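A quick write-up on the structure given underneath.
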Amino acid sequence: AELVKLNSGQWGALPPPVFAHSLTLVGQEMLVLFGGFVRDRRVTFGAASGHAGSNAVPTSSVHSLDVMSLEWTEQEVEGLVPSPRGAHSAACVNGRLVVFGGTDGTSLAAAELYVLDHTAAKWRWHLVVVDGPSPPPRYGHTLVVKPPHLVLYGGSDSHQMLGDLWVMQTDVTPPFRWIKVDPEGIPPTPRVYHTVCTRDDGLVVVFGGKGPSQEPLSDSVGLCQHRDGRWEWSRPPQNGASPPARFCHVASFFGARLIVHSGTSDGVVALDDCPVLDTAATMWLPQSKLTGCVSGRLRHASAVCWSKLFVFGGYDHVGLRNDLCILQLADSSEIPAPLTPTSTAQSILGHLDHSALQMPEADSSVLGRRRASFGGKIALSQEVGLMSQRPSGAGGSQYSYEDVTGLLSPSTAAGPDICDGLKLGDSRVEERRYGQGVIEFLMNWKGLDHWCHWEMAPRGSPWEGQRVLQCPVGQRQRLGEVLLQLAARAAAIFELEDRILSVDAPCYVFGDIHGNINDLAFFGEKLWPLGPRLSPARFLFIGDYVDRGYCGPETVAYLLAQKVIAPHRWYMIRGNHEVRSVNGGGGDRSFRAQCRHRFGEEMGERVWAAVNSCFDTMPFAAIIQDQVFCVHGGIPHPLTTAIVPGG
């Protein structure tokens with residue numbers, strides 16, 4: 001893979017060489033670098049043990065990176081600026097940076113929680129007022145978001161390694177409190193300079209670090225919260241060759257795969273590797289394709305945005321670094337639907353495939369840099385292909401599937417720079433539900449339940465006496481708009497697929513759904529409870545998605561959303577009801593009638609036509625593992641395209 005290095009002359013105000021800093025994805029297209037230690041001469045490893053050394057200078061500077069233009073900006077900040085520090089921890093709570101702890105090399109930072117508001121013209125720091133005890137001061141710890149909690153774990157208080165776990169619930173009415181929890185199960189060894197990452201479904205994974213006897217660690221431990229509120233540590237069995245024990249490394253989730261980079265096992269030599277833990281298959285993957293893609297280093301920082309891993313700073317045997325390294329985590333063949341910015345699907349769902357967008361010709365220097373970067377230099381490592389599906393991450397999050405519940409906004413009640421609490425609103429805010437969060441809210445049943453409500457069908461309807469999913473009148477127009485976007489986006493994916501699909505096993509096959517949302521919900525709860533992206537299996541639906549059942553529009557919305565989210569896990573072929581002459585017939589049970597009933601005559605006709613245009617692009621057969629032939633009921637006519645896969 002190619003190593004992308006940027007220089008300050010061409011790419012804005014590059015941060016100085018730095019280590020023990022944080023790099024956090026904030027929003028969809030911005031990385032924020034905060035703090036760390038800077039110095040000009042070679043760094044000895046004394047800095048990695050918590051003592052920065054006589055030459056290291058702590059900083060509280062803030063730099064931002066536009067991941068589209070790859071341009072750095074040094075931000076002028078005001079307010080209650082945190083003291084200069086490194087070895088702190090940072091996380092993003094719904095678009096705002098949160099920082100806790102760290103050290104200036106001689107003393108520990110106060111146990112205070114800071115929030116950086118970047119929405120104003122000049123960025124401003126605020127101090128969050130917390131009721132009750134806080135985690136003791138520390139460095140080398142981790143802070144992550146596990147919705148709706150901030151989770152703080154481990155580190156060192158300069159005397160001993162810590163193994164305590166603290167959580168702050170962020171979806172309650174202020175004041176907010178840190179709570180020390182004692183999860184069930186066998187706890188991890190107390191540690192410092194480890195990593196903790198949150199998977200899209202909320203699973204927290206601890207990896208590596210330095211133990212109480214200064215030993216490097218190689219274990220990976222899961223942390224989850226049960227529905228009854230209990231927290232539990234888990235140690236699933238793992239296959240594959242485990243990577244060397246390490247600390248001072250970095251790690252980020254990309255879909256279900258934990259990407260670990262470098263670090264050190266002995267405190268002197270940086271490991272030049274990038275092991276990958278597939279948490280869905282519970283196995284470490286071979287590393288040969290990644291070794292050397294980004295040079296080995298330690299005390300650096302990383303973040304995943306879209307399908308790319310950004311690594312910045314740290315140091316190696318030569319000295320401090322300030323190069324930006326970018327690693328492509330999925331090759332172009334994994335990106336199912338390259339769209340142009342003028343595509344009809346981009347307005348709501350275009351964030352899903354920024355890395356696949358083809359930039360329009362323009363004279364703008366920024367667009368020129370974006371095109372050169374994402375169309376040239378960092379169209380990296382076509383052979384890497386870490387994932388077989390698109391991530392979240394976006395992120396969600398990125399487009400990230402970061403499910404932070406609410407908005408972090410400072411309150412002026414206690415002064416201009418004091419936050420009374422994390423003012424976190426309901427996760428169902430308008431812009432999240434109908435903007436970039438469309439996919440997120442359709443990807444699980446909790447989300448679908450929020451779009452619609454389970455009610456008894458009205459008297460006189462064909463479904464009288466049955467429990468059905470009703471879309472409230474106030475939401476129907478917007479759900480119709482979402483369906484228009486989903487249909488266009490899914491059609492772009494279907495058009496790139498073979499007419500006869502080749503599907504790997506294991507694979508679940510589903511017959512006629514016919515608008516039966518109850519059965520589809522049951523399948524989802526039992527077979528893909530974490531969503532198809534995090535499932536090792538594949539799912540094949542062999543037609544007849546509409547008509548007869550009461551919930552045709554909602555069923556189609558869910559199926560197409562899953563196709564967009566996990567195109568290489570979720571497959572759909574065409575049935576005889578995916579034809580206008582069939583689903584456009586009369587009667588309350590027809591898909592056309594349901595669209596008109598849900599969205600009104602005009603919008604209903606548009607949705608019906610758009611979804612049928614999507615049906616037109618569907619494959620019509622599939623072969624599983626070259627052994628099982630799947631088709632709904634025959635080959636539709638007229639047949640004008642080759643039917644051989646790849647033909």
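Below, each value reflects all heavy atoms present in this structure, side chains not excepted, and no hydrogens, waters or symmetry copies. Worth saying up front: this structure is predicted, and the values here are computed from it rather than measured.
In this model, no donor atom of one side chain and acceptor atom of the other lie less than 3.5 Å apart for Arg257 and Thr279. Side-chain contact, Ser22 with His88: a donor N or O sits under 3.5 Å from an acceptor N or O.
Arg230 and Glu184 are joined by a salt bridge, as a carboxylate oxygen and a charged side-chain nitrogen come within less than 4.0 angstrom of each other. Salt bridge annotation for Arg246-Asp266: absent, with no cationic side-chain nitrogen under 4.0 angstrom from a carboxylate oxygen. Here Arg297 does not pair with Asp316 in a salt bridge; the nearest charged N to carboxylate O distance is not below 4.0 Å. We find that Arg191 and Asp219 are joined by a salt bridge, their nearest charged nitrogen and carboxylate oxygen being less than 4.0 Å apart.
Checked against side chain to side chain donor-acceptor pair (under 3.5 Å), Arg235 has no partners two or more places apart in sequence or in another chain.
A distance of 6.0 Å or more separates the ring centres of Phe37 and His21. Aromatic ring centres of Phe312 and Trp72 lie closer together than 6.0 Å. Aromatic rings of Phe34 and His63 (six-membered ring for Trp) have centroids beyond the 6.0 Å cut-off, not under it.
Ring geometry for Tyr508 against Phe539 counts as parallel: the plane angle stays under 30°, on a 0 to 90° scale with 60° as the upper cut. Ring geometry for Trp528 against Phe510 counts as perpendicular: the plane angle is over 60°, on a 0 to 90° scale with 30° as the lower cut. Between Trp570 and Phe541, the two ring planes are tilted [angle within 30° to 60°]. Ring geometry for Tyr193 versus Tyr139: interplanar angle of 30 to 60°, hence tilted.
When all heavy atoms of Pro275 and Trp284 are compared, the closest pair comes out as CB-CZ3, 3.8 Å. Residue Ser252 comes nearest to Val304 through the heavy atom pair CB-CG2, 3.5 Å, listed as atom of the first residue, atom of the second, then distance. Closest approach of Cys248 to Thr264, counting heavy atoms only: CB-CG2, 4.4 Å. The two residues Gly296 and Ala270 make their nearest non-hydrogen contact at C-CB, 3.7 Å. Considering all non-hydrogen atoms of both residues, Asp273 and Pro244 come closest at OD2-CD, 3.9 Å.
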Steps toward ring-ring contact (aromatic ring centres under 6.0 Å, His included) verdict (His149, Trp178)
CA-CA 10 Å; His149 297 93; Trp178 284 109; over 10 Å; no
Verify ring-ring contact (aromatic ring centres under 6.0 Å, His included) between Tyr315 and His300, making sure each step is shown before the conclusion.
CA-CA 7 Å; Tyr315 60 87; His300 48 310; 9.3 Å; no
Chi angles and distances behind the side chain to side chain donor-acceptor pair (under 3.5 Å) call for Ser89, His141
CA-CA 6 Å; Ser89 60; His141 55 291; 2.8 Å; yes
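At least one side-chain heavy atom of Leu108 sits under 4.5 Å from a side-chain heavy atom of Ser158. Within the 4.5 Å cutoff, side-chain heavy atoms of Ile565 are placed close to those of Gln562. Side-chain atoms of Val62 and Val32, non-hydrogen and from C-beta on, do get closer than 4.5 Å to each other.
In this structure, the side chain of Thr198 does not engage the main chain of Lys146 through any donor-acceptor pair within 3.5 Å. Distance alone, capped at 3.5 Å, is enough to place a donor-acceptor pair between the Ser265 side chain and the Ala245 backbone.
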